[in-house]
Protein chains: 2
Amino acid sequence: MASAGPNEPRQSGEQLGQMLPELNTARPTIAEIARRAGVNKSTVSRALRDDPSIPQATRQRIQDLAAQLNYVPNASARHLNHARTDTIALVSRALNLDTGAGSADPFLVELLAGIADEAASHHFDVLLVRAEEGERELGVYQRILGGRHADGVILTDLRPNDHRLAYLCRHRYPHVLFGRSAEDLAEARLYPYPWAEVDNRSGARIGTEHLIGLGHRRIAFIGGGDTYHWERDRRAGYREALAQANLPYDPRLCIPSGISQKDGYLLTQQLLSWEEPPTAIFAISDVLAVGVMRAALDAGVQVGPAFSVIGFDGLGLGSYLTPPLTTLRQPINEVGRILVQLLCAVLRGTPPEEPHVFLQPELIVRASTRGY
Amino acid sequence: MASAGPNEPRQSGEQLGQMLPELNTARPTIAEIARRAGVNKSTVSRALRDDPSIPQATRQRIQDLAAQLNYVPNASARHLNHARTDTIALVSRALNLDTGAGSADPFLVELLAGIADEAASHHFDVLLVRAEEGERELGVYQRILGGRHADGVILTDLRPNDHRLAYLCRHRYPHVLFGRSAEDLAEARLYPYPWAEVDNRSGARIGTEHLIGLGHRRIAFIGGGDTYHWERDRRAGYREALAQANLPYDPRLCIPSGISQKDGYLLTQQLLSWEEPPTAIFAISDVLAVGVMRAALDAGVQVGPAFSVIGFDGLGLGSYLTPPLTTLRQPINEVGRILVQLLCAVLRGTPPEEPHVFLQPELIVRASTRGY
DNA sequence: TTTATCTACGCAACCGGTTGCGTTAGCTTA
DNA sequence: TAAGCTAACGCAACCGGTTGCGTAGATAAA
């Protein structure tokens with residue numbers, strides 16, 4: 001190891017302080033370029049925007065000068081003029097450290113990737129905002145949209161009767177939803193904003209049908225609370241499939257839980273201690289399913305024919321579990337793209353052709369579900 | 001199911017178009033409040049900022065009026081005045097869909113959570129920006145910082161001799177690094193900006209020492225290219241530990257790879273087909289380790305004494321693998337917080353006390369590493 | 001040569017806040 | 001009663017671009 005290893009700071013803060021360069025506050029402005037070019041501000045502004053009323057030669061001269069000075073137009077000044085910021089915001093709970101709910105939620109990254117990609121191609125910036133809860137929840141939207149930090153916002157983690165919607169409508173703040181929520185309102189033509197989501201109900205139904213098709217009759221559903229739409233919808237899909245197959249719904253088999261691996265683990269331990277445990281488990285998410293499978297293993301129960309497990313999400317990890325996990329894959333990237341497209345349409349004032357998008361999750365059958 | 005299920009759109013785009021509310025362009029301004037209150041703009045501005053030169057009664061009256069009108073100050077206008085945007089940007093490759101490299105990288109979420117949390121407490125917005133590559137790479141920074149979309153930026157995915165640093169220094173664009181990179185420059189007092197990172201070298205050394213301590217002598221290191229610092233540093237730590245234990249370095253055991261589970265899987269398959277396979281594998285990341293363990297299982301090799309596996313990252317998932325994965329846990333949240341603190345210090349012009357932060361990863365020993 | 005037309009650019013207001021400084025009303029003091 | 005002082009607030013410039021309109025000068029047409 002060199003004498004100055006990574007653990008030994010090379011210089012004290014004081015020395016750095018003397019070195020820390022002044023902030024580069026004096027960036028060239030249009031006025032500066034105008035002065036140097038011997039023309040008026042307005043001429044520079046027009047030349048930089050390739051306005052044909054400025055002759056080609058002058059345009060070129062000014063553009064060269066701007067490039068040479070490393071000129072970049074000031075976003076705030078532009079925004080102020082246009083009453084637009086060309087920025088969209090994503091508000092997410094998964095960023096909250098305290099709840100811990102979404103800690104390392106692989107979802108958010110995929111969603112963000114889709115959003116960032118699509119936003120970039122529409123020349124929009126993306127602002128990332130933590131959701132607040134309780135009293136301060138709406139204040140976030142007021143600050144971001146009322147204060148013009150962003151032109152529009154993408155809402156996530158929707159709840160039934162989500163009071164954010166009424167608020168946003170009342171103020172006519174442009175937004176789109178990740179997750180449907182305002183169905184009744186929309187039915188009554190009261191809620192005009194678009195939404196997109198993966199069809200959780202249908203996915204859970206298909207997954208449950210898959211288990212039923214394999215011969216399972218005692219199927220437990222683990223996970224989720226009663227707060228968010230995605231939780232409720234997946235549970236509803238589960239019940240729907242049972243009903244269609246004329247299987248009785250046993251409330252003891254439909255078990256609320258948190259969303260961590262640990263929750264899946266502990267609940268499965270309990271389940272397996274029953275006199276007549278279920279032969280299959282639908283875990284509300286892949287993360288939960290990981291805990292379920294581990295608990296089975298620890299209890300000496302082999303996951304497969306006698307004890308099948310299905311998840312929901314389609315994390316890349318699933319195919320590397322033991323056994324590989326059957327799941328419903330969500331096209332999250334795609335959702336992100338679509339949300340941005342919808343929001344851009346709202347901001348342009350041109351309604352999207354199809355304002356309500358349901359993407360279908362894809363059933364991926366692997367070895368964790370087998371015929372009973 | 002209700003007659004109008006989620007799969008049937010309830011209304012055509014055209015109808016929605018008629019309903020889509022006008023964008024709320026006319027939000028109250030200071031001038032509007034001034035008009036209604038019968039005072040000057042400046043008085044309103046001062047009253048809203050609780051300027052003591054405005055008597056309490058007037059202040060209250062104006063503040064009430066503002067609240068009643070739902071007034072929120074326009075961010076762009078404020079930024080224009082202050083030559084600050086109170087926004088920091090994070091530039092990340094993990095958002096790029098095309099590279100696919102960071103698809104669902106759980107890291108980014110944890111980092112973002114830390115960043116968002118700390119930024120909020122400093123009253124900063126967070127802008128999320130995709131990294132570009134090649135020719136357009138620097139243009140991103142020029143646009144964001146030169147155009148004042150953000151006051152400063154957090155760089156990730158640092159490379160040796162990263163030309164972004166010279167660029168940012170030249171333009172005196174405020175920034176901090178996630179990952180140390182400019183050690184040589186700093187040594188020469190040429191690079192004044194702060195950085196923070198998890199000590200990858202030390203982590204890999206400790207992990208390798210752990211394997212050596214268990215009696216392993218043929219230890220393979222799987223993963224990583226030669227591009228990023230974190231890859232190189234982890235590899236360096238591995239070699240360091242070998243050298244200190246007087247074990248020979250066998251280049252055939254140090255295998256470059258991609259960063260997906262699949263890469264770990266395929267390479268381990270190969271390794272296991274050797275005449276004398278290694279008895280332990282250091283996977284450069286937990287994600288890769290998942291593939292390694294799966295390959296071992298598929299080959300009938302039991303992970304444990306005869307074939308130990310260690311990862312790096314400390315994903316929550318690790319303890320639910322079979323067997324639970326030994327790993328080096330990174331305090332990513334903490335890194336996010338610290339990066340923001342450092343950047344804020346730079347923006348304030350007050351140098352941080354300790355501008356170069358190395359957080360130590362924590363060795364978490366589980367069943368995947370056992371004595372040989 | 002005079003008038004009409006067009007080209008190329010300048011002037012100034014504006015977006016929505018902020019801030020230095022000036023002004024007025026009201027009160028105190030000599 | 002006049003001079004002096006302060007409290008309370010207005011005026012106007014400013015941040016950095018954008019844009020409607022006006023105009024000087026060049027050119028073309030009569």
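Here is the naming used below: chain letters follow the sequence lines, and residue numbers restart at 1 for every chain.
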Pick base, sugar-phosphate or nothing for [X], based on heavy-atom distances below 4.0 Å to the nucleic acid.
| X | result |
| --- | --- |
| His82(B) | sugar-phosphate |
| Ser76(A) | nothing |
| Val44(A) | nothing |
| Thr29(A) | sugar-phosphate |
| Gly147(A) | nothing |

Could you please name the option among dG16(C), dC9(D), dC9(C) that lies closest to any side-chain atom of Ile54(A)? dC9(C)
Please pick, from dC9(C), dA12(C), dT19(C), the nucleotide with the shortest atom-to-atom distance to any side-chain atom of Thr58(A).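 The nucleotide sitting nearest to the side chain is dC9(C).
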Relative to each other, are the rings of Trp195(A) and Tyr191(A) parallel, tilted or perpendicular (30° and 60° limits)? parallel
Anything under 30° is parallel, anything over 60° is perpendicular, the rest tilted; go ahead and classify His171(B) against Tyr173(B).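 The rings of His171(B) and Tyr173(B) lie parallel, inter-plane angle below 30°.
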Whole angstroms only, please: what is the [atom1]-[atom2] distance between [X] and [N]?
| X | N | atom1 | atom2 | value |
| --- | --- | --- | --- | --- |
| His79(A) | dG17(C) | NE2 | P | 16 Å |
| Leu48(B) | dG16(C) | CG | P | 15 Å |
| Arg84(A) | dT18(D) | CZ | C1' | 13 Å |
| Asn40(B) | dC21(C) | CG | P | 17 Å |
| Asp86(B) | dG17(C) | CG | C1' | 14 Å |
| Gln56(A) | dT7(C) | CD | P | 16 Å |
| Lys41(A) | dC9(C) | NZ | P | 18 Å |
| Leu80(B) | dT18(D) | CG | P | 12 Å |

Taking donor-acceptor contacts at under 3.5 Å, does the side chain of Arg46(B) reach the base of dG20(C)? yes
Can you find a donor-acceptor pair, distance only, under 3.5 Å between Asn81(A) side chain and dG17(D) base? yes
Are any of [X]'s side-chain N or O atoms less than 4.0 Å away from OP1 or OP2 of [N]?
| X | N | value |
| --- | --- | --- |
| Arg78(B) | dT18(C) | yes |
| Ser45(A) | dT18(D) | yes |
| Thr43(A) | dC9(C) | no |
| Tyr71(A) | dG16(D) | no |

Using only atom types and a distance under 3.5 Å, with no angle test, would you say the side chain of Gln63(B) pairs donor to acceptor with the backbone of Ala47(B)? yes
Check for a donor-acceptor pair, side chain of Asn96(A) on one end and backbone N or O of Ala131(A) on the other, with a separation under 3.5 Å. yes
Under 3.5 Å, is there a donor on one side chain and an acceptor on the other for Gln60(B) and Asp64(B)? yes
Please set out all donor-acceptor pairs under 3.5 angstrom arising from side-chain atoms of residues 336-345 of chain A, sequence neighbours excluded.
| residue | atom | partner | partner atom | Å |
| --- | --- | --- | --- | --- |
| Arg337(A) | NE | Glu118(A) | OE1 | 3.0 |
| Arg337(A) | NH2 | Asp117(A) | OD2 | 2.4 |
| Gln341(A) | NE2 | Glu118(A) | OE2 | 3.1 |

